[in-house]
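What's counted below: heavy atoms across the whole structure, side chains too, no hydrogens, waters or symmetry copies.
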Amino acid sequence: MVFVGLPETTAYFWTKNRRATYGTWPFEDSDKCNAERMAAAGFYVIGDNKEPDLVECFICGKQLDGWEPNDDPWSEHEKHQSDCPFVKLNKQNEMEWTVNELYDLYRKYKTKELKNEVKRSVETLKDKAAQLTNELFVHRSSHKNKKSTAFEFSFFAGTPLNLVEFDKAVIFFHNCRRQLSRRINRAFEMIIAEIPNTTSYFWKRNRSATYSSWPFKDSDKCNAERMADAGFYVVGDSNEPDLVECFMCGGQFSGWKPDDDPWRKHMKEYPLICPFVRFNKPDENKWSIKELCSLCKEYNIKVDMDNVKESLAKVRADMERIMHKQSIDRILNQDKYRKRPYRIINV
């Protein structure tokens, strides 16, 4: 499963990449602040030989050093930066994150990365401005009574002003400011490859939209909300308005009664066949990333099989039409294949 729009596979957003920075970590595996627990707590190493235990949180940017063997990384993180989004989430195992939690954490991570990029651009701009100011000061000190253009300043000072590089830095800085919100919004539009599109019945909101003429009330057990939760969407017409179909297994149900429980009926009829029933978690907002990927895989297999069946049906229909046409042509032209009797001509 490939995630498009998520942090690169080498980013410190992922635990395995934070763990890889602890090659020279000065603590043993038996210590509380071992490399495994430090990475799980959101830290990666940024220190050098002089300060080998300096670490930074991947999301809030908090830096900590002076670690001791009995220090608990997660407790220290909570103590020194209680408002960190990762600390507030309180889920160190990224495989346990729900889709909404992943989206929210990634938004904050991307915001932090873009802010750091702008900060670096500002520092570059300041360096260029300081260099330019220094060169202008040198020239003015040696040419107090001469009015000159920028070109003349550079010429008489004897050193180039690097105005081209300065302009590039200014343009880059303004582009960062102008595009920051747009880039953040684009980064937030995370699309997971192989996930069904937004109009698919894989999503509950699209299944719910098919119940506009559902013949049951909200007070009934088989109301529209609970039907959509159970994986059903309406496929019936005016002659059979309560005919529904499961988005996953394709099972169809009709003849509903007000006291029918949609989820129980689904489990009773398709306990092993339907992956959604086996999944046993109707609320999609509570799915973890691992669960979402697993369900998407099952759904895509079903969609592929439906496409194959549809293609075979078209091929079969085309073959039957061709064979039917050939049969009609053979009947209409059968006189061509009969032997005509000889005619005797009297002379």
Side-chain angles (χ1 to χ4, degrees), residues 1-29 31-68 71-124 176 179-180 183-193 288-290 292-293:
M1 191 67 61
V2 180
F3 294 89
V4 180
L6 286 177
E8 300 82 1
T9 54
T10 57
Y12 293 135
F13 186 87
W14 308 112
T15 305
K16 63 178 181 181
N17 299 322
R18 298 196 298 270
R19 177 65 179 83
T21 64
Y22 289 85
T24 58
W25 187 239
F27 295 94
E28 300 179 356
D29 293 342
D31 296 330
K32 280 190 176 181
C33 60
N34 58 44
E36 197 70 29
R37 298 186 67 181
M38 291 292 293
F43 295 117
Y44 61 94
V45 178
I46 59 172
D48 51 16
N49 295 333
K50 296 180 179 179
E51 203 170 11
D53 65 342
L54 178 62
V55 295
E56 180 177 312
C57 172
F58 78 101
I59 196 75
C60 68
K62 181 65 178 178
Q63 296 183 1
L64 296 174
D65 62 353
W67 292 89
E68 297 180 359
D71 286 339
D72 181 86
W74 188 256
S75 299
E76 293 296 325
H77 202 166
E78 289 181 315
K79 178 181 177 181
H80 293 280
Q81 197 72 27
S82 58
D83 60 345
C84 174
F86 186 58
V87 170
K88 288 182 177 180
L89 179 61
N90 199 24
K91 286 185 180 179
Q92 299 184 46
N93 187 356
E94 60 199 28
M95 295 306 295
E96 296 178 356
W97 299 345
T98 65
V99 176
N100 288 343
E101 291 168 345
L102 173 64
Y103 281 19
D104 183 64
L105 201 61
Y106 178 60
R107 288 183 56 170
K108 293 178 174 62
Y109 171 80
K110 194 62 180 178
T111 302
K112 174 223 173 189
E113 289 294 304
L114 292 176
K115 285 182 178 179
N116 288 341
E117 183 178 348
V118 171
K119 185 177 179 180
R120 289 192 294 270
S121 302
V122 171
E123 294 298 328
T124 302
C176 285
Q179 297 179 7
L180 180 59
R183 292 183 64 186
I184 292 176
N185 290 335
R186 186 165 61 246
F188 294 163
E189 296 172 356
M190 298 187 302
I191 303 172
I192 303 179
S288 68
I289 299 301
K290 185 177 182 180
L292 174 64
C293 294

How many angstroms lie between atom [atom1] of [X] and atom [atom2] of [Y], to the nearest 0.5 angstrom?
X	Y	atom1	atom2	result
Leu89	Thr98	CG	OG1	8.0 Å
Leu102	Glu96	CG	CD	13.5 Å
Lys88	Asn90	NZ	CG	12.5 Å
Ile59	Tyr106	CD1	OH	10.5 Å

Got [X] and [Y] here, is their nearest side-chain heavy-atom distance under 4.5 Å?
X	Y	result
Asp71	Lys32	no
Gln63	Leu54	yes
Arg18	Thr15	yes

Could you tell me which non-hydrogen atom of [X] sits nearest to which non-hydrogen atom of [Y], and how far apart they are?
X	Y	result
Cys84	His77	SG-NE2, 3.7 Å
Phe58	Leu105	CZ-CD2, 4.4 Å
Cys33	Trp67	CB-CE3, 4.2 Å
Pro52	Pro26	O-CD, 4.1 Å
Ala35	Tyr22	CB-CB, 3.5 Å
Gln81	Cys60	CG-SG, 3.6 Å

Show your reasoning for whether salt bridge (Lys or Arg N to Asp or Glu O under 4.0 Å) applies to Asp31 and Arg37. CA-CA 10 Å; Asp31 296 330; Arg37 298 186 67 181; over 6 Å; no
Less than 3.5 Å apart, which donor and acceptor atoms pair up between the side chains of residues 43-51 and the rest of the protein, not counting sequence neighbours?
residue, atom, partner, partner atom, Å
Tyr44, OH, Glu56, OE2, 3.1
Asp48, OD1, Lys50, N, 3.1
Asp48, OD1, Glu51, N, 3.0

From the list Tyr12, Trp74, Phe13, ring pair (Phe, Tyr, Trp, His ring centres under 6.0 Å) with Phe86 holds only for Trp74
Is [X] reaching over with its side chain to a backbone N or O of [Y], donor-acceptor style, under 3.5 angstrom?
X	Y	value
Glu94	Trp14	no
Asn34	Asp29	yes
Asp53	Gly66	yes

On the 0 to 90° scale, with breaks at 30° and 60°, tag the Phe27-Trp25 ring pair as parallel, tilted or perpendicular. tilted
Please name the residue in the list Lys79, Glu78, His80 that meets the side chain to side chain contact (heavy atoms under 4.5 Å, CB included) test with Val87. Glu78
